[in-house]
Amino acid sequence: MTTTRQSAEAVLADQARVRISPSILSADFARLGEQVQAAEAAGADLIHVDVMDGHFVPNITIGPLVAEAVRRSTRLPMDVHLMIEQPERYIDAFAKVGADIIIVHSETCPHLERTLHQIEEAGALPAVTINPATPLSAIEEVLYLVRMILIMTVNPGFGGQKMIPAALSKVTRLKGLLAERGLDVPIEIDGGVNRGTLEQAVQAGANILVMGAALFAAPEGIATALQSYRAALENIKKQPA
Ligand code: DX5
Ligand code: ZN
C-alpha cells in the first residue's frame, strides 16, 4: 500500500459530491486494518474514528494507539470524533498520530473557541458537533472558525441506532445559516444513515455521511454495500431538487 496521504482539505472542498466516511465503530476490530483497506478500495472518502470515554457517553472505545494503527492502514484522511470530556487533554495526542480532522462536541467545551484554535495549532482541521438536543445557537459564534460541522443524528454512544428525524431539520437550518454568512463549510451527519434515510439526509443538505452499521454490518460485505450507496447517491443527484 502506498503511504501518500490524501489531503483532508481537498476532500472537504469537493462540495459537488456527497462524501462517505465509514465509521470503524462497527468494524471487526480483529480485522481492523483489512476492513479499513476494503472501505478505501471501495471508494470511501474519509475514515471516521469514534473516541468514547465512558463519561460523556456511556460507551468506551478507542484511543490514540488504535487511531495510529488506522493511520497506518489507509491513505484516506481520518476524521476523529471526540466523544470525551475535556477533549483539550487529548487533542495533541490524536493530532500526533495523524488525525486530519478533529471534531469536538460543544457540550464538552466551555471554551469552544479556544479548543478549536488548539486543534488548528496541533496541525489538524477543526470541526465541531452538537447532540440532537443541542440547539444550533451553541455553535453559531464559531462557524467561521471550523472546517466541517457535524450534526449528530443519534445520541452518541453506540453504532446501529435509529436516526432521529428532527435532527435533519437542523441540517437544513444550518445550511441556510451558512449561506447567509457566505460560508461553504461541509455539513457531516452521524448516526442511522442507511437505505431508509439516505435520500432524506441528502435532501436535507448533508454533504458528508458517516456510516457504520450500514457498511460494516452489511451481509453483502463492505465493498458491495459502499458501492451500492454510491450508486444510490448518484441517482439522488439526478433527481430534480
Ligand atoms: C455514534 C457514533 C457514530 C456511529 C454511527 O455515537 O458517533 O459514528 O458509529 O453508526 P451508525 O452509522 O451505525 O449509526
Ligand atoms: Zn461518530
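Counting convention: from 1, in listed order, for ligands and their atoms alike.
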List the closest protein heavy-atom neighbour of atom 10 (O) of ligand 1: residue, atom name, distance to the nearest 0.1 Å.
G159 CA, 3.7 Å
Out of all atoms in ligand 1, which are within 4.0 Å of some heavy atom of H48? Include the element for each.
8 (O)
Using a strict 4.0 Å threshold on nitrogen-to-oxygen distance, state whether E220 and R195 make a salt bridge.
yes
Does ligand 1 have any atom sitting under 4.0 Å from a heavy atom of M83?
yes
Between R71 and G98, is there a donor-acceptor pair closer than 3.5 Å when you use the side chain of the first and the backbone of the second?
yes
What residue among V80, L25, I24 forms side-chain contact (heavy atoms from CB on, under 4.5 Å) with D50?
L25
What is the nearest protein non-hydrogen atom to atom 5 (C) of ligand 1, stated with its residue, atom name and distance?
D190 OD1, 3.3 Å
Which residue and atom name correspond to the protein heavy atom nearest atom 14 (O) of ligand 1, and how close is it?
G192 N, 2.8 Å
Strictly under 2.8 Å of the Zn ion (ligand 2): which protein N/O/S atoms qualify?
H48 NE2, D50 OD1, H81 ND1, D190 OD2
If you count the atoms of ligand 1 from 1 in the order shown, which ones are under 4.0 Å from a heavy atom of F158?
1 (C), 6 (O)
Shared hydrophobic cluster for Y229 and L76 (ILVMFWY, side-chain gaps under 4.5 Å)
yes
Any nitrogen or oxygen of G191 lying under 3.5 Å from a nitrogen or oxygen in ligand 1? Just yes or no.
no
Taking the side chain as C-beta and beyond, is there a heavy-atom pair between I47 and D79 under 4.5 Å?
no
Tell me if a side-chain donor or acceptor on K96 pairs with a main-chain N or O of P64 at a distance below 3.5 Å.
no
Any nitrogen or oxygen of V154, side chain or backbone, less than 3.5 Å from one on ligand 1?
no
Any Lys/Arg nitrogen of E234 or R230 sitting under 4.0 Å from an Asp/Glu carboxylate oxygen of the other?
no
Atom CZ of residue position F158 - does it have more than 12 heavy atoms of other residues, nucleotides or ligands inside 6.0 Å?
yes
Atom indices of ligand 1 within 4.0 angstrom of M52 heavy atoms, with elements
6 (O)
Short version for S23: what comes under 4.0 Å of ligand 1, heavy atoms counted, is side chain
Would you call I149 and L174 a side-chain contact if the rule is heavy atoms closer than 4.5 Å?
yes
Which atoms of ligand 1 have any heavy atom of H81 under 4.0 Å away?
7 (O)
So, E140 and R181, do they make that salt bridge, N to O below 4.0 Å?
yes
Identify, by atom number and element, the atoms of ligand 1 in contact range of V210, meaning under 4.0 Å from any of its heavy atoms.
8 (O)
Got a donor-acceptor contact below 3.5 angstrom from the Q161 side chain to the N155 backbone?
yes
When you measure from the side chain of Q118 to the backbone N and O of E88, does any donor-acceptor pair fall under 3.5 Å?
yes
The closest protein heavy-atom partner of atom 11 (P) of ligand 1 is G160 N, 3.6 Å
Looking only at atom types and distance, does a side-chain atom of T153 sit under 3.5 Å from a main-chain N or O of G191, one as donor and one as acceptor?
yes
Contacting atoms of ligand 1, where contact means under 4.0 angstrom from a heavy atom of A213:
11 (P), 12 (O), 13 (O)
Give a yes or no answer on whether the side chain of R147 reaches the backbone of L12 with a donor-acceptor pair at less than 3.5 Å.
no
Can you tell me if G157 has a non-hydrogen atom under 4.0 Å from ligand 1?
yes
Considering only heavy atoms of M211, which atoms of ligand 1 have at least one such atom less than 4.0 Å away?
12 (O)
Do the side chain of D92 and the main chain of A95 share a donor and acceptor less than 3.5 angstrom apart?
no
When you measure from atom 12 (O) of ligand 1 to every protein heavy atom, which one gives the shortest distance, and what is it?
G212 N, 2.8 Å
Which of the ligand 1 atoms, numbered from 1, are nearer than 4.0 Å to a heavy atom of D50
2 (C), 3 (C), 4 (C), 7 (O), 8 (O), 9 (O)
